[in-house]
Each structure stands twice: as structure tokens, then as C-alpha cells.
Colleague: 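Take this structure first; my questions come after.
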Amino acid sequence: MNIYNTLTRRLEEIVPMKRGRIRLFVCGPTVFNFIHLGNARTFVLFDSLAKYLTASGYEVFYLQNITDIDDKTLKVAAQTGVPWQDVSSRFFEEYLRDMKALGVDSVNVYAKATLYMDEIRSQIRRLMNRGYAYETQDGVYFHVEKFRDMGELSGQKLDKVVPGSRVVPSEQKINPVDFVLWKKHKAGEPSWDSPWGPGRPGWHIEDTAITESFFGSMYDIHGGGKDLVFPHHEAEIGQMRAISGKKHLARYWIHGGYLNMGADKMSKSAGNFIMLREALKKYTRQQIRFFLLNANYASDLLYTEELFKASCEALDRIQHAYDMALENVDRRESNTLSTGYYLSRIKGHLDNNFDTRSVFATLLEMSSEIFRTGGRLQGDSASGAIETFQYVDNILGILAQGSAASDTGRIIEGILRLREEFRRRKDFSTSDMIRRILEDSGVRIEDDASGTKWKIG
RNA sequence: GGAUAGGUGGCAGAGAGGUCAUGCGUGGGACUGCAGAUCCCAUUUACUAGGGUUCAAAUCCCUACCUAUCCUCCA
């Protein structure tokens, strides 16, 4: 497939280092709170991408780090009076619950930073040995001037970066943009032993320590939100390439855009965010995934109630056409549909920089064609349409399966047959009463030319 | 100041040299005991401005203007 590579600023064909196998690493959350819808966007993107690569025949290993020790963790621990380990483990569990609720299930390993202290120390030691790191009174720092390609990912020139524009830089650093590898122990903070005294790791070193232990010094794809390009991913590249001397850390860098509220980026510090947990109470996982994927992954996406509603209506059309195809799979009728045409276009869109929005547009075109036939599809066309819907659903996770076959479904169908009998006898007061009672129980009733449809919720 | 990505119809957004996606909204209609839902048709000279290349440009090149983001923890 072709994908936009932040590193080269070009669309590039993905060619794995090891034939048929792709190693994917994505920056996971710092687990000090619930995640919000903006975080979810990134995780849905890479979950879908991993599934697409798998569907395309690759064996994908998807690794994600979990930052379980950080300033923010300690802050929450101090504020709530809970040990920091409990903050991390609790919100890690909550994160897993959220991912499960969203249908994100493609990650092979979630690696917690604190379990990789040996690897972290080893990397810092090697950086020291090679002269890329130096020790001060308060920590160990990466000496950015020593790494010649610093800035290759973001295009930033070292001398043009305005350091500490809002933060006072440490006066002990050689260059103000040098970043910390090891923070020496401060009173009241947790610490681990090291050759530089007790302390805890800097943020950037966690990721390279983790990826090195799983993938070695170089792998295929590194993903994350675009806010991580600079300085975080730049720092990762500096650390690992300084150690390995290789040309790359990852060959392909993929970055997802933000989810914005009005003009502003959704962020916890700005207070303008929607927790994924809250969104899941209001919307289905399919609606959330559809909304998040109904955009160019690299562009910022605007969230408003109105836009979310419009997206849900588009999804309803697709779901409706899918249900129609499912109902017609065994019938013999006269209409045909060129489903092969749609499926190949869909695959083309996914192949072209993972253009999920065009996939949905194509699915909507196919849906319209199904509606125009009145749903009376020939058996082959119906199964072709179903195959197309399910191909997309397996990757993007946007469709609900019909529930008519369940026990509940059979009981509801029975009640509806009773109502139908009253309607046939023109006893509308009784039939309306049945409808009202069903609706009070959360079953939505819709009559149309082909019969009565129902839906829970 | 530096870096990156952009400016497409009422709105949201694909497209990336030559048939104006797709959804919402709006206007008509179909269906229906009612209600709701659903479907169909229409909204076809929309591509920031000015130059240029070309038989042909929203799409390529130059200039200008504007916007967002990053340079601080952040998906």
C-alpha cells in the first residue's frame, strides 16, 4: 500500500524489512486519567490500519507502549492521596476497557515503561559511552548537537528552535534544547537505581528501550498523533540512531491529525474534551468509529453535535443497505449489482494512503444502488454486496450485526405478528397500544411497504 | 522568527490535467389507517487572488494573501 511518510514528506509504497511481516509501533497513552475522543481517534486509526495490513496478507506485530510513570502520574497521585502505582494500574485497566468497548483489538503487546528499566539504563549507558549524553547535577541529558540528523523528521533546524519560549530551561544543560534521559531523584518521588544515582527515566527513552527489546534498533512503521512529531519522535530517532548508527529508527512514520472542538484542539489541559467513556454512553462503538474514520486521517477533524449527527445518518444508510442485502441473500430476483466493481474501488482507496473517507463514499454509492433496486437483489449480487460490506467492517468496524436470529428477536417477531393481526382487522387502537408498549421497552417499530422492521435502542 | 499542512458549492469534506465523489441541509415526490422511518429526483459552469505552462488546470509552476498546527506535557 501507499502511505504518506512524514519522514520523506511523500507518498510511499510500504515495503517491509522482512518479507510479509510488518512491525508497527504506536505511542500509547500516559495512564493518569481516562482517554478522550481525540486520543481514541489515533488508536482507532492504527487499529484499522493494522487490520488492513493483516487483511492484505501481512503478518503484523503491533506494539504499543504505556507510560506508567510520569510527572502527571505523580501529580494525580499527590492530589488524590493514592500511591502512583495504583493510579497507573487503575487507568491502564480503564484504557483497556475503553479499547475493548471501541473494538480496538489488534495490539499484540502493551508494554509498560517501568518494566523496561534494564533496557532504559542500557540505552543511556551506551549513549554515554558514545559521547551522545552527559551527566549534570540533576540528570543525564542527550546532547543534540552531537547527532547530525537532529530534526530530520520535523524539518526543524536546531538553531531556529526557540527553546523555553514558555518554560525556563535548565541552566545546567549544554544546549537548551537538550532533552533529559534520566531524572535524578527528588524528595517524595519514586526512583530506580542507576549508574548515575537513583532517579527515573525521561519520557523519550522509554519508547526506544521498548522498541529495541521487541524489534531491535530498526523496524517498519512508527505511528502516533501529529503532536508527537516534535520533539518526541525526533528525540526517539536521535537516541536510537546515535546508538545503532543505522539510517533509520523506523522506515515509515505515520501521524494522525487532531480532533478539534470548535477552533481548538481537544485537550485535557484546555478542558474542552469529551471522554471516550462518556461518548460510549451516548453513541455506539460503530458510530464513534465511523465518525473518526470519516475523514482524512492526517487532517484535523472537527467535532460538533451537528457533524456527528450527519455522520450517524450516513452510517444509517450503509447499515440499512447491509441489512437489506442480508435479508435478500437467499432470494432469486432479477436485479444485479456490480459488486466486484465496488470492492475493487474500496481496496484501491485503502491502498491509496488509507483513504477511509472515500471507502465510505463508495459504500454509500453501493447502498444507493441497492435501494434503487428496492433491495430485490439477485442471490449472487446480495452475497457480493454482503462480502463487500463485511470486508470493510472487518477492517474499520462500523457495522452492527442483525439480531433477528436471537431469542429476543424471535419473541419480538412473535409480538409483531400479533400486532399485524390487529392491523389486518383494522383494530388500530390495539395495534397502536402494542407499538407503544414495545417502544416503551426500547424497541423501535417502523412500518413500510415490505413489512414491519424493528430495532432495539 | 523557524517548521509542517492547508485554502473546493449553504455546511462538512474526497479528488490531483480532460466524465464536477459522498453525507448533511434545502426543494419536490413516493410509500402509509395514523405516526415514524425509509426511498427516489433535484439542488451540474464549487474550486483564495493574480500571473504562467498546456489543445486542456481545482489539479503542474511562480507570486501574493489567508488559515491551522508544532517549536511547552499532550494522541
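Computed from a predicted model, the values in this text were never measured in an experiment. Each chain gets a letter, A, B and so on, in the order its sequence line appears, and its residues count up from 1.
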Colleague: Test your reading of the model: is there a side-chain donor-acceptor pair from N5(A) to the backbone of W253(A), 3.5 Å cut-off?
Modeller: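 Such a contact is found between N5(A) side chain and W253(A) backbone.
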Colleague: Go through G33(B), G15(B), A75(B) for me and flag the one nearest to the S431(A) side chain.
Modeller: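 For the S431(A) side chain, the nearest candidate turns out to be G33(B).
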Colleague: Using the C1' atom on both, measure G23(B) against U63(B) and round to a whole Å.
Modeller: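 Comparing C1' positions in G23(B) and U63(B) gives a spacing of 37 Å.
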Colleague: Ignoring the backbone of N39(A), work out which of A75(B), C70(B), C73(B) is nearest its side chain.
Modeller: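 Looking only at side-chain atoms, N39(A) lies closest to A75(B).
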Colleague: Identify, between N352(A) and D300(A), the residue whose nearest nucleotide on RNA chain B lies closer to the 5' end.
Modeller: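 Whichever sits nearer the 5' end wins; that is N352(A).
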Colleague: Taking atom types as they are modelled, is there a donor-acceptor pair under 3.5 Å from the base of C34(B) to the side chain of R435(A)?
Modeller: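 Pair found.
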Colleague: Starting at atom CG of D355(A), determine the distance to atom C1' of A21(B), rounded to an integer number of angstrom.
Modeller: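 Rounding to the nearest Å, CG of D355(A) and C1' of A21(B) are 10 Å apart.
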Colleague: Report yes or no: is the ring centroid of F43(A) under 5.5 Å from the six-membered base ring centroid of A75(B), with the two planes under 30 degrees?
Modeller: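 Stacking between F43(A) and A75(B): absent.
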Colleague: What about S358(A): does its side chain form a donor-acceptor pair under 3.5 Å with the base of A14(B)?
Modeller: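 When only heavy-atom distances are counted, S358(A) does not reach the base of A14(B) through any donor-acceptor pair under 3.5 Å.
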Colleague: Considering only the C1' atoms, how many Å lie between C66(B) and A57(B), rounded to the nearest integer?
Modeller: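 Between the two C1' atoms, the distance is 22 Å.
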Colleague: Is it true that R200(A) and D71(A) make a salt bridge, defined as a side-chain N closer than 4.0 Å to a carboxylate O?
Modeller: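 Looking at R200(A) and D71(A), the cut-off is met.
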Colleague: Check the distance between A3(B)'s C1' and H255(A)'s NE2 and give it to me in whole angstrom.
Modeller: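 H255(A) atom NE2 is separated from A3(B) atom C1' by 14 Å.
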Colleague: If the C1' atom of C24(B) is compared with that of A56(B), how far apart are they to the nearest Å?
Modeller: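 Their C1' atoms lie roughly 34 Å apart.
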Colleague: Quick check: does any side chain N or O of K173(A) sit under 3.5 Å from a backbone N or O of V180(A), one acting as donor and the other as acceptor?
Modeller: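 Side chain of K173(A) to backbone of V180(A), a donor-acceptor pair under 3.5 Å: no, none is there.
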Colleague: Just call it for A361(A): base, sugar-phosphate, or nothing, with non-hydrogen atoms closer than 4.0 Å on any strand.
Modeller: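 Touches a base.
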Colleague: Over all strands shown, is N296(A) touching base, sugar-phosphate only, or nothing at heavy-atom distances under 4.0 angstrom?
Modeller: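 Sugar-phosphate: the residue N296(A), judged by heavy atoms under 4.0 Å, touches backbone atoms but no base.
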Colleague: Hey, does the side chain of Y303(A) come within less than 4.0 Å of A12(B)'s phosphate (OP1/OP2), counting only N and O?
Modeller: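 Answer no for this pair, as no side-chain N or O of Y303(A) is under 4.0 Å from OP1 or OP2.
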Colleague: Using Watson-Crick and G-U wobble pairs whose two distances are both under 3.5 Å, how do you write the pairing of RNA chain B as dot-bracket, with | for links to another strand?
Modeller: ((((((((.[[[..)..(...]]]((((((.......))))))....[[[[[..)....]]]]])))))))....
Colleague: Between G25(B) and U32(B), how far is it from one C1' atom to the other, in whole Å?
Modeller: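 Nearest-Å result for G25(B) against U32(B) at atom C1': 25 Å.
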Colleague: Pair Y219(A), L249(A) - check side-chain contact (heavy atoms from CB on, under 4.5 Å), show working.
Modeller: CA-CA 7 Å; Y219(A) 52 97; L249(A) 197 212; 3.4 Å; yes
Colleague: Would you kindly compare Y4(A) and R357(A) by the position of their nearest RNA chain B nucleotide and give the one closer to the 5′ end?
Modeller: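 Result: Y4(A).
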Colleague: Take the protein atom CZ of R41(A) and the nucleotide atom P of U69(B), then report the distance between them rounded to whole Å.
Modeller: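 Taking CZ of R41(A) and P of U69(B), I get 14 Å after rounding.
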Colleague: Tell me whether the OP1 or OP2 atom of C41(B) has a side-chain N or O from R372(A) closer than 4.0 Å.
Modeller: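 Result: yes.
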Colleague: Need one value for F428(A): base, sugar-phosphate or nothing, where a base atom within 4.0 Å counts as base even if backbone is also close, heavy atoms only.
Modeller: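 F428(A): base contact, heavy atoms under 4.0 Å.
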Colleague: Between the side chains of E420(A) and R424(A), is the shortest nitrogen-to-carboxylate-oxygen separation below 4.0 Å, so that they form an ion pair?
Modeller: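 No, no charged N to carboxylate O under 4.0 Å.
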Colleague: Is any side-chain N of the basic residue among R90(A) and E93(A) closer than 4.0 Å to the acidic one's carboxylate O?
Modeller: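 No, no charged N to carboxylate O under 4.0 Å.
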Colleague: List the atom pairs, with distances to 0.1 Å, where a side-chain N or O of residues 305-313 of chain A and a protein N or O form a donor-acceptor pair under 3.5 Å, not counting sequence neighbours.
Modeller:
from, atom 1, to, atom 2, distance (Å)
E305(A), OE2, K282(A), NZ, 2.9
K309(A), NZ, E313(A), OE2, 3.4

Colleague: Taking donor-acceptor contacts at under 3.5 Å, does the side chain of D427(A) reach the base of G33(B)?
Modeller: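 Between G33(B) and D427(A), which were checked side chain against base, a qualifying N/O pair under 3.5 Å is absent.
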Colleague: Please pick, from A3(B), G15(B), C40(B), the nucleotide with the shortest atom-to-atom distance to any side-chain atom of F371(A).
Modeller: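 Closest nucleotide among those given: C40(B).
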Colleague: Which part of the nucleic acid, if any, lies within reach of G224(A) when heavy atoms closer than 4.0 Å are counted: base, sugar-phosphate only, or nothing?
Modeller: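 Sugar-phosphate, backbone atoms only, no base.
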Colleague: R9(A) near the nucleic acid: base, sugar-phosphate alone, or nothing, with a heavy-atom cut-off under 4.0 Å?
Modeller: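 Touches sugar-phosphate only.
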Colleague: Mind calculating the distance between CG (L228(A)) and P (A3(B)) to the nearest angstrom?
Modeller: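 Distance check: L228(A) CG to A3(B) P gives 22 Å.
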Colleague: Could you measure between the two P atoms, the one in A16(B) and the one in U22(B), and give it in whole Å?
Modeller: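 The answer is 16 Å between these two P atoms.
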Colleague: Give the nucleotide from the list G33(B), U22(B), A75(B) with an atom nearest to the side chain of D227(A).
Modeller: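 It is A75(B).
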Colleague: Using a 4.0 Å heavy-atom cut-off across all strands, classify S368(A) as base, sugar-phosphate, or nothing.
Modeller: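 Since only primed, P, OP1 and OP2 atoms lie under 4.0 Å of S368(A), the category is sugar-phosphate.
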Colleague: Using atom CG of N260(A) as one end and atom P of G13(B) as the other, report the distance to the nearest whole Å.
Modeller: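 In whole Å, G13(B) P and N260(A) CG are 10 Å from each other.
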Colleague: Once you apply a heavy-atom cut-off of 4.0 Å, does K426(A) come out as touching a base, just sugar-phosphate, or nothing?
Modeller: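 If one applies the 4.0 Å heavy-atom cut-off, K426(A) turns out to touch nothing in the nucleic acid.
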Colleague: Below 4.0 angstrom, N of the basic side chain to O of the carboxylate: do K146(A) and D178(A) qualify?
Modeller: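 So K146(A) does not pair with D178(A) through a salt bridge.
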Colleague: Would K281(A) and E278(A) pass as an ion pair if we require N to O under 4.0 Å?
Modeller: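 Between E278(A) and K281(A) there is a salt bridge, with a charged N closer than 4.0 Å to a carboxylate O.
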Colleague: Taking OH from Y95(A) and C1' from A75(B), how many angstroms apart are they, rounded to a whole number?
Modeller: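 Rounding to the nearest Å, OH of Y95(A) and C1' of A75(B) are 9 Å apart.
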Colleague: Could you tell me the separation between the CG atom of L307(A) and the C1' atom of G25(B), rounded to a whole number of Å?
Modeller: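 Those two atoms, CG and C1', are 12 Å apart.
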Colleague: Between atom CD in E369(A) and atom P in C41(B), what is the gap in whole Å?
Modeller: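 Value for this atom pair: 11 Å.
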Colleague: Give me the distance, rounded to whole Å, that separates U26(B) from A37(B) when you measure between the P atoms they each carry.
Modeller: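 My reading of the P atoms in U26(B) and A37(B) gives 13 Å.
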Colleague: Closest approach to the side chain of R419(A), judged atom by atom: which nucleotide of C39(B), A75(B), G33(B) is it?
Modeller: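 When the side chain of R419(A) is considered, G33(B) is the closest of C39(B), A75(B), G33(B).
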Colleague: Any base atoms under 4.0 Å from G257(A), or only sugar-phosphate, or nothing? Heavy atoms, all strands.
Modeller: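 Base: the residue G257(A), judged by heavy atoms under 4.0 Å, touches a nucleobase.
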Colleague: Pick base, sugar-phosphate or nothing for Q156(A), based on heavy-atom distances below 4.0 Å to the nucleic acid.
Modeller: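 Result for Q156(A) = base.
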Colleague: Can you tell me if R317(A) touches the phosphate of C39(B), counting only side-chain N or O atoms and a distance under 4.0 Å to OP1 or OP2?
Modeller: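 So the side-chain polar atoms of R317(A) do come within 4.0 Å of the phosphate oxygens OP1 or OP2 of C39(B), strictly under.
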Colleague: Of all the choices, C70(B), C34(B), A75(B), which nucleotide is nearest to the side chain of C27(A) once you look at every atom?
Modeller: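 Comparing C70(B), C34(B), A75(B) against the side chain of C27(A), the answer is A75(B).
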Colleague: Is any side-chain N of the basic residue among D432(A) and R436(A) closer than 4.0 Å to the acidic one's carboxylate O?
Modeller: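 No.
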Colleague: Classify E365(A) by what it touches in the nucleic acid, base, sugar-phosphate, or nothing, heavy-atom distance under 4.0 Å.
Modeller: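 Sugar-phosphate, backbone atoms only, no base.
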Colleague: So, the side chain of E206(A) versus the backbone of P201(A): is there a donor-acceptor pair under 3.5 Å, distance only?
Modeller: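 No.
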Colleague: Write down the distance separating the C1' atoms in G27(B) and G17(B), rounded off to the nearest Å.
Modeller: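 G27(B) and G17(B) have their C1' atoms separated by 35 Å.
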Colleague: Please report the distance separating the C1' of G13(B) from the corresponding atom of A58(B), rounded so that it comes out in whole Å.
Modeller: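 About 14 Å, rounded to a whole number of Å.
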